Amino acid sequence: MLHGSAPRPATARKSAGLAGSVRIPGDKSISHRSFMFGGLASGETRITGLLEGEDVINTGRAMQAMGARIRKDGAQWVIDGTGNGALLAPDAPLDFGNAGTGVRLTMGLVGTYDFRSTFTGDASLSKRPMGRVLNPLREMGVQVSASEGDRLPVTLRGPGTPSPIRYRVPMASAQVKSAVLLAGLNTPGVTTVIEPVMTRDHTEKMLQGFGAALSVETDGDGVRTIRLEGRGKLKGQVIDIPGDPSSTAFPLVAALLVPGSDITIVNVLMNPTRTGLILTLQEMGANIEVLNTRLAGGEDVADLRVRHSELKGVTVPEERAPSMIDEYPILAVAACFAEGATIMKGLEELRVKESDRLSAVADGLKLNGIDCDEGEDFLVVRGRPDGKGLGNAAGGRVSTHLDHRIAMSFLVMGLASEHAVMIDDAAMIATSFPEFMQLMTGLGAKVEAVPE
Ligand SMILES: O=C(O)C1=C[C@@H](OP(=O)(O)O)[C@@H](O)[C@H](O)C1
Ligand SMILES: C=C(OP(=O)(O)O)C(=O)O
């Protein structure tokens, strides 16, 4: 969608205390899956709170291209699904823009069908590894034609009858787990996914909600065995999507860092597979009050009151990584203002996100006056709690490498730094959090686009 569009630099400056109450757009993971499962189910699915970010909109377009009817009815999105097993062959390549979740899950969803489907993406997505999804699809009998190194563009053609597999997910990845399960939906028999380390469980929970025969067993070591009986019926659902904890992280950390801040963020998804950042920040001394905890649509939801806090460095346990995988860039920014060192380990997956996030973060921190060590799979950040000397007085810009989370993280850094922090491109923020600039400004943050 944004291919080739001009970069939009932006800047953030030291701000006075943030104040107010905000509602964050819907969770991105649940939004993608709502379009996919609603598009596949029989009958009508009604969605409230869908994230209208570019990533999710591209998933909606792909489902439309395969026969789902999608329309807006006031604030709700309404889908008339095709029925499981009844997706239509798309007559053009499916373009997923910047979205790993969109492309990897959809390859699983349609790869087993007895027709050709082609998948493309932007410059960032075209660099990301797809073999992690293509390999299990090959085992199920799908013919794959991919660019060098199993990159996009990819064309898939399913066999008449796909074979169910038993697949042990080799890396902590909800996208891989989900792609195999979605391929299992169109496969006769039982598809089994073994997940040694638990990752976000939205696919399992939502497929059960849509009526799939899916069971989960967890052994004494926490290894999960997920079984799905293929070719069952899925029925349209009513879905209310809570606020995205990964987007929440930006105003939340901003309020912790800017002296005098006191904000409330309402209706945040608190699924335990997503709350690693909040736990870590609390260990660092953050004043985050979790209020009005409740269950909504089968998910834990709460309001968060966040006040400026003096933070101290911690060591983040490696096994927590899956529950905060998208939050390391913003945690690294929080660590810049903590007393002492923050040590983050087990970060190998950060190298294959929208950018190589480990090096993008380390480069940006150094550019803005922070002392840090980047290892193959770890990052150590030594904080400067008063923010003195931080930022880049000479106007050096952080390279965001088409990565929304790098862009938002460094804008938050600027709010508490002595000098401004500038980024080379804010355009990608629209993939996951289109309201970011406006919402932050509304809280009193000094963030703005810079004319080239
Ligand atoms: O399943 C999902 O919705 C997601 C899984 C994670 O990716 P991996 O599976 O690559 O860890 C995460 O980084 C991404 O933002 C969303
Ligand atoms: C990694 C992310 O998304 P995706 O893999 O869907 O591009 C993210 O949103 O931080």
Side-chain angles (χ1 to χ4, degrees), residues 1-2 25-37 51 53-59 62 96-109 119 121-133 136 152 169-182 193 195 197-207 241 244-250 269 271 273-274 276-277 320-331 346-358 360-361 400-409 428-434 436:
M1 191 179 281
L2 282 163
D27 184 63
K28 177 159 72 73
S29 293
I30 298 181
S31 295
H32 277 299
R33 288 160 173 82
S34 298
F35 266 164
M36 288 176 198
F37 304 164
L51 167 65
E54 288 172 4
D55 278 13
V56 173
I57 297 300
N58 282 329
T59 290
F96 285 90
N98 195 247
T101 308
V103 78
R104 293 201 179 109
L105 268 61
T106 308
M107 287 197 289
L109 192 70
F119 301 81
D122 72 3
S124 153
L125 194 56
S126 302
K127 283 191 206 148
R128 296 174 68 182
M130 296 298 148
R132 51 181 57 201
V133 166
L152 297 181
V169 183
M171 68 289 287
S173 170
Q175 292 178 4
V176 175
K177 162 179 67 179
S178 301
V180 177
L181 290 171
L182 300 192
V193 176
E195 188 178 48
V197 185
M198 186 172 183
T199 60
R200 65 191 69 194
D201 59 355
H202 307 303
T203 296
E204 298 93 301
K205 285 176 113 166
M206 290 178 70
L207 281 180
I241 305 180
D244 192 327
S246 300
S247 299
T248 297
F250 300 105
L269 173 67
N271 178 314
T273 63
R274 302 289 299 281
L277 176 75
R320 198 178 289 164
S323 68
M324 53 182 295
I325 193 65
D326 294 340
E327 282 69 79
Y328 282 100
I330 189 64
L331 175 64
L347 307 188
E348 61 278 359
E349 279 294 306
L350 292 195
R351 299 221 178 258
V352 291
K353 298 293 181 187
E354 283 83 328
S355 66
D356 173 344
R357 285 185 176 159
L358 207 36
V361 167
T400 52
H401 303 282
L402 297 176
D403 190 332
H404 54 133
R405 303 216 189 271
I406 300 299
M408 291 185 276
S409 298
M428 285 299 147
I429 294 175
T431 61
S432 70
F433 196 170
F436 173 79

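Excluded from the calculations below are hydrogen atoms, water molecules and symmetry mates; all remaining heavy atoms, backbone and side chain alike, are included. As the structure is a computational prediction, the values presented were derived from the model and not from experiment. Both counts, for ligands and for their atoms, begin at 1 and track the order of listing.
- Between R357 and ligand 2 there is a heavy-atom distance shorter than 4.0 Å.
- Between the side chain of S126 and the backbone N or O of L152 there is no donor-acceptor pair closer than 3.5 Å.
- In terms of protein heavy-atom proximity, atom 9 (O) of ligand 1 is nearest to S173 OG, 2.7 Å.
- Ligand 2 places these atoms under 4.0 Å from at least one heavy atom of Q175: 4 (P), 5 (O), 6 (O).
- Atoms of ligand 2 found under 4.0 Å from any heavy atom of K353, numbered from 1 in the order shown, are 1 (C).
- F250 and F436 have perpendicular rings, their planes meeting at more than 60° on a 0 to 90° scale where under 30° would count as parallel.
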Test salt bridge (charged side-chain N to carboxylate O under 4.0 Å, His left out) on R200 and D326 and set out the steps. CA-CA 12 Å; R200 65 191 69 194; D326 294 340; 3.7 Å; yes

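- For ligand 1, the atoms closer than 4.0 angstrom to any heavy atom of K28 are 15 (O).
- Remark: side-chain polar atoms of S323 are paired, donor with acceptor, to backbone N or O of R320 under 3.5 angstrom.
- Panel note: side chain S409, backbone I406; no donor-acceptor pair is recorded below 3.5 Å.
- Residue R405 has at least one heavy-atom neighbour below 4.0 Å for each of these atoms of ligand 2: 8 (C), 9 (O), 10 (O).
- Close approach to K353 involves these atoms of ligand 1, each under 4.0 Å from a residue heavy atom: 6 (C), 7 (O), 8 (P), 10 (O), 11 (O), 12 (C), 13 (O).
- Within the 4.0 Å heavy-atom cutoff, H404 counts among the residues contacting ligand 2.
- Taking a cutoff of 4.0 Å between a charged side-chain nitrogen and a carboxylate oxygen, D244 and K28 do not qualify as a salt bridge.
- Those atoms of ligand 2 that come under 4.0 Å of a heavy atom in A99, given as number and element, are 7 (O).
- Any N or O atom pair closer than 3.5 Å counts here, and L105 shares no such pair with ligand 1.
- Per-residue contacts place T101 under 4.0 angstrom from the following atoms of ligand 1 (heavy atoms of the residue considered): 2 (C), 3 (O), 4 (C), 14 (C), 16 (C).
- Taking the charged nitrogens against the carboxylate oxygens, R274 and D27 do have a contact shorter than 4.0 Å, which makes a salt bridge.
- Protein heavy atom closest to atom 3 (O) of ligand 1, with residue, atom name and distance, is S29 OG, 2.7 Å.
- R357 has a carboxylate O that lies under 4.0 Å from a charged side-chain N of D403, or vice versa, which qualifies the two as a salt bridge.
- Close contacts of ligand 2 with G100, meaning ligand atoms under 4.0 Å from a residue heavy atom, involve 4 (P), 5 (O), 6 (O), 7 (O).
- The shortest N/O to N/O separation between R405 and ligand 1 does not fall below 3.5 Å.
- Counting the atoms of ligand 2 from 1 in the order shown, those under 4.0 Å from a heavy atom of D326 are 1 (C), 8 (C), 9 (O), 10 (O).
- Atoms of ligand 2 lying under 4.0 Å from any heavy atom of N98, numbered from 1 in the order shown and given with element: 7 (O).
- In this structure, a donor-acceptor pair under 3.5 Å is present between the side chains of H404 and E354.
- Remark: distances from the non-hydrogen atoms of I325 to ligand 2 are all 4.0 Å or more.
- Every atom of ligand 1 with a heavy atom of I325 under 4.0 Å away is listed here by number and element: 13 (O).
- Using a 4.0 Å cut-off between heavy atoms, R128 contacts ligand 2 through its side chain alone, with no backbone atom that close.
- Contact annotation for R200 and ligand 1: only side-chain heavy atoms (C-beta onward) come within less than 4.0 Å of the ligand.
- Under 3.5 Å, the side chains of T59 and H32 contain a donor-acceptor pair of N or O atoms.
- Distances shorter than 4.0 angstrom occur between a heavy atom of K28 and an atom of ligand 2.
- The atoms of ligand 2 that sit less than 4.0 Å from any heavy atom of T101 are 4 (P), 5 (O), 6 (O).
- In terms of modelled atom types and a separation under 3.5 Å, the side chain of S31 and the main chain of L51 share a donor-acceptor contact.
- A salt bridge does not link R33 with E204: none of the charged nitrogens is closer than 4.0 Å to a carboxylate oxygen.
- Rounding to the nearest 0.5 Å gives a distance of 14.5 Å between CZ of F433 and CD of E54.
- The single protein non-hydrogen atom nearest to atom 1 (O) of ligand 1 is R33 NH2, 2.7 Å, given as residue, atom name and distance.
- Near D326, meaning under 4.0 Å from one of its heavy atoms, ligand 1 places the atoms 12 (C), 13 (O), 14 (C), 15 (O).
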